[in-house]
Amino acid sequence: MQDCAEVNRDPEICAQAHLPAEELTPSRTKGASVNAEPLFNAFLRSQRHRKPEMAITPALGRVASLFPHIEKDWWKKAYNELYLYTDGDCVEVPAITEAECTKLLEIPSVQQLLQTKGSRVKVLDLCCDQGRHSIHLAKRFPDLKVLGVDQSTYLLGLAKHRALAENAQNNTDFREGDLRQIPTADGGIFVIDCVDGSWIRSNFSKSGWEWLEGEKKLLACRERELSPDQTQLASREIVIDLDGPSIQQDLFYSVRLYDLEEMDGLLQNSGLRVRTEDGMQLITPQRDGTVDMGMMERRQFVVAQKPIDDPPPETIDHDARVYVHPSLELGVDEHKGKLIKVSSFVPAGTKILADTPYGVVPSLDPSQPDTTLCSNLGCNRLLSSGTESVRCSEKCIRDVAWCNDDCRVADQDRHGFECDWLKSQGEKIREKEGQYDFAMLWLVVRLVAGKHLQMQNPHNAPKPYAWEVWFKRGWESIESLTGNLGKWPETKMQHWKRQVEEYLSHINRLTASVDELVGLICREESNSFGLYPRKTGSLENRGTDYGMGVYPRASLVNHSCDPNLYWGPDSQGNLVLTTSRDLTAGEECFICYLDISEYGDPTKRQRVLREGFHFSCACEICVLEQANAL
Ligand SMILES: C[S@@+](CC[C@H](N)C(=O)[O-])C[C@H]1O[C@@H](n2cnc3c(N)ncnc32)[C@H](O)[C@@H]1O
């Protein structure tokens, strides 16, 4: 690996196009695509004499479980010529490689890097396989230096052969290496193209039969099994050559399934920070109905970076972390008001929006009084009991903590705004009005604190973001939220007015009037999101909330009892909205405002929506239920 570092020290784009190679089970496409490339076949022919390295377990019939049969280092032998026939062939189409590279280049931070550095950028392609991305990028940008690293001597040989034939040998290099021993460079961008574990977990096919009509006539028979803890997917692949000695391979292997949160955690453990603003884009390779796509069916890009120097707290712009999918746009409906829709087809499992909060508060679970959120708005990490944390030196309230001193310093000004108020009013409100009203009033105070800081630091508004075509940022985004004014019952309005007069006049720097603050409560109550441990919008119970926040962009998504998005916070308190099914062009996006697992009863559900959100739901489920009730 020393060599790699020398050839391509500090790569700027580290693309783990197949993370790790052994973690993927690329699916199959027609053998015709293999035939389409004479060079590839010539190489295969030249390798014909090689005996497959794979040891075949003789006469092993049906097995009770696949897991006991998996050899420890199965991946050391599996990436041979058969792999390209039965697995790698599904992406052996130049158009797919081109589309995937275009996606990579569309990642905002990659674009930015290319714009600032030109094509002098160095690319490290880990688990480069037969070099299809490396060679494509090298040809597309002749000044680029691309190093491909893989553990398979066979695939590297093919990559070198191809680079030569495609005249890309001068700016590519291919070396043998183990990705686990490659140090990550500072300042570069780390892109992982990996299997979408959570999707595969619930959608994988237990078996697959596939005819592979190419240079060889092969039949691949596959069987798959999920481990009891659902973290591993084991496969058995028997490959039969119809012309030659029949069984070519009986391979048992297993792949670890990571979902986005786990991947995020892994990257953070390795000192990388996930760039949520770059999105985790989904690639769905071309396929046809006859292909057993295996784990290639759903993949995603995760983009991360080693933190460079953090900007000083007063210049932090949380809105810089907002991610908006390019197909997303705003609309208006006569009854529903503003709405979010998509302008083109978006496949299921796509992150459509990741929004940053304008304010968040922890909502303490009384059974776990030590659990809270890092108070730094740029962090919001969950601090479970036992996690090391820094407490407020003024001992204002037990809910206030930071995960470390850096976060405390970054949050100094904002917390300074609320500290005295929390100290004098916090526990009193909780005792007299209850936890819900305390969290609501605290959130309102944090919203006002945000406005106050913004007014103090007007330079806190750098360049416009592309998403500002549709959305507002900063305090303006809060002001533009619907408050359902005039729709709340008078008793509720009086209750909030009393609370504002009784508790909020204690903030010295608060310059807002009682009416403005009551209006802010109405907005907060119409738009705030709970932070739940499990995703919401599915039939699963979402669990108990550990925080609540106002997310001005995500707030524009309307409700349906049969939503097409699910939502949940990431580890930094950003709210991530993901499509739960394919969306067609023009379709409105919906989340479910309720935990549908608790609101199966239509009357109860309609009542909560009317009282809490002031509308009668007319989604398909509600219409059907009403028709059945008549
Ligand atoms: C979080 S906001 C959603 C964005 C809102 N449409 C706007 O104009 O800002 C919640 C409010 O949107 C409206 N809304 C949401 N879903 C709706 C639906 N399915 N039908 C009618 N109104 C809806 C209600 O007024 C609700 O209180």
Side-chain angles (χ1 to χ4, degrees), residues 322 324 328-342 352-360 440 443-444 447 467-489 492-493 496 518-532 536-537 542 545 548-569 574-577 580 583 586-596 599 602-626:
V322 172
V324 176
L328 197 150
E329 56 185 41
L330 221 64
V332 186
D333 175 273
E334 181 187 353
H335 303 292
K336 295 186 246 181
K338 282 178 266 186
L339 55 89
I340 287 182
K341 57 183 178 168
V342 291
I352 197 105
L353 181 66
D355 201 8
T356 52
Y358 196 83
V360 182
M440 176 190 81
L443 185 50
V444 165
L447 297 177
W467 50 260
E468 284 186 84
V469 173
W470 303 112
F471 300 111
K472 303 214 180 298
R473 70 166 152 179
W475 179 248
E476 245 194 291
S477 68
I478 300 297
E479 278 186 318
S480 69
L481 294 175
T482 181
N484 286 311
L485 294 174
K487 295 184 186 167
W488 297 95
K492 203 143 215 174
M493 294 296 280
W496 287 334
V518 172
L520 193 52
I521 292 181
C522 293
R523 287 199 185 90
E524 181 280 326
E525 284 296 281
S526 302
N527 293 282
S528 62
F529 284 85
L531 308 185
Y532 296 94
T536 183
R542 62 192 183 184
D545 58 319
M548 69 185 211
V550 177
Y551 296 81
R553 275 69 46 173
S555 278
L556 300 185
V557 183
N558 288 318
H559 163 91
S560 167
C561 305
D562 182 21
N564 48 23
L565 304 181
Y566 53 79
W567 55 273
N574 303 310
L575 202 76
V576 181
L577 277 60
S580 53
L583 303 187
E587 198 173 336
E588 183 176 349
C589 297
F590 291 107
I591 57 173
C592 184
Y593 290 180
L594 312 166
D595 186 340
I596 207 78
Y599 286 96
T603 319
K604 202 167 140 197
R605 203 168 68 233
Q606 287 286 357
R607 200 188 63 236
V608 171
L609 290 171
R610 255 194 326 273
E611 288 175 3
F613 298 97
H614 315 286
F615 68 90
S616 299
C617 186
C619 73
E620 276 183 35
I621 292 190
C622 288
V623 169
L624 211 69
E625 280 168 350
Q626 273 157 18

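Bear in mind the structure is a predicted one, so any value in this text is a computation, not a measurement. Order of listing sets the numbers, starting from 1, for every ligand and every atom in it. Just the heavy atoms: all of them, side chains too, but no hydrogens, waters or symmetry mates, feed the values below.
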>> Using modelled atom types and a 3.5 Å cut-off, is there a donor and acceptor pairing between side-chain atoms of N564 and backbone atoms of F590?
In response: yes
> In terms of ring plane angle, is the pair W475 and Y358 parallel, tilted or perpendicular, where the classes change at 30° and 60°?
Replying inline: tilted
> Which atoms of ligand 1 are found less than 4.0 Å from any heavy atom of V557?
Replying inline: 3 (C)
> Please state which protein non-hydrogen atom is closest to atom 12 (O) of ligand 1 and give its distance, to 0.1 Å?
Replying inline: N558 OD1, 3.4 Å
> Which ligand 1 atoms are under 4.0 Å away from a heavy-atom of G337?
Replying inline: 6 (N), 8 (O)
>> What's the separation between atom NZ in K341 and atom CG in L556, rounded to the nearest 0.5 Å?
In response: 13.5 Å
>> Would the distance check show the side chain of D355 and the main-chain N or O of R553 forming a donor-acceptor pair, the cut-off being under 3.5 Å?
In response: yes
> Has ligand 1 got any nitrogen or oxygen that is less than 3.5 angstrom from a nitrogen or oxygen of K338?
Replying inline: yes
>> Considering non-hydrogen atoms of the protein only, which is the closest contact for atom 26 (C) of ligand 1, and what is the distance?
In response: F613 O, 3.4 Å
> What's the shortest distance from atom 1 (C) of ligand 1 to any protein heavy atom, and which residue and atom give it?
Replying inline: S555 O, 2.9 Å
> Is atom NZ of K336 surrounded by more than 12 heavy atoms (other residues, nucleotides or ligands) closer than 6.0 Å?
Replying inline: yes
> How close does the nearest protein non-hydrogen atom get to atom 10 (C) of ligand 1, and which residue and atom is it?
Replying inline: Y593 OH, 3.3 Å
> Salt-bridged, K492 to E525, with N to O below 4.0 Å?
Replying inline: no
>> Any heavy-atom pair between the side chains of Y551 and V360 that's under 4.5 Å?
In response: yes
> Do Y599 and C561 touch side chain to side chain, with heavy atoms closer than 4.5 Å?
Replying inline: no
> With distance as the sole test, does S528 use its side chain to make a donor-acceptor pair with the main-chain N or O of G549 at under 3.5 Å?
Replying inline: no
> Based purely on interatomic distance, does K487 place a nitrogen or oxygen under 3.5 Å from a nitrogen or oxygen of ligand 1?
Replying inline: no
> Considering N484, V332, L481, which one's heavy-atom position lies nearest to atom 25 (O) of ligand 1?
Replying inline: N484
> Hey, does the side chain of E329 reach the backbone of W470 with a donor-acceptor pair shorter than 3.5 angstrom?
Replying inline: no
> Just which atoms of ligand 1 are under 4.0 Å from any heavy atom in S526?
Replying inline: 1 (C), 10 (C)
>> Give me the nearest non-hydrogen protein atom to atom 21 (C) of ligand 1 as residue plus atom name, then the distance to 0.1 Å.
In response: K336 CG, 3.2 Å
>> Return the closest protein heavy atom for atom 9 (O) of ligand 1 as residue, atom name and distance.
In response: T482 CG2, 3.4 Å
> Going by the order shown, which atoms of ligand 1 are within less than 4.0 Å of some heavy atom of N527?
Replying inline: 1 (C), 2 (S)
> Considering only heavy atoms of L556, which atoms of ligand 1 have at least one such atom less than 4.0 Å away?
Replying inline: 4 (C), 9 (O)
> Looking only at protein heavy atoms, which one is nearest to atom 16 (N) of ligand 1, and how far off is it?
Replying inline: H559 N, 2.9 Å
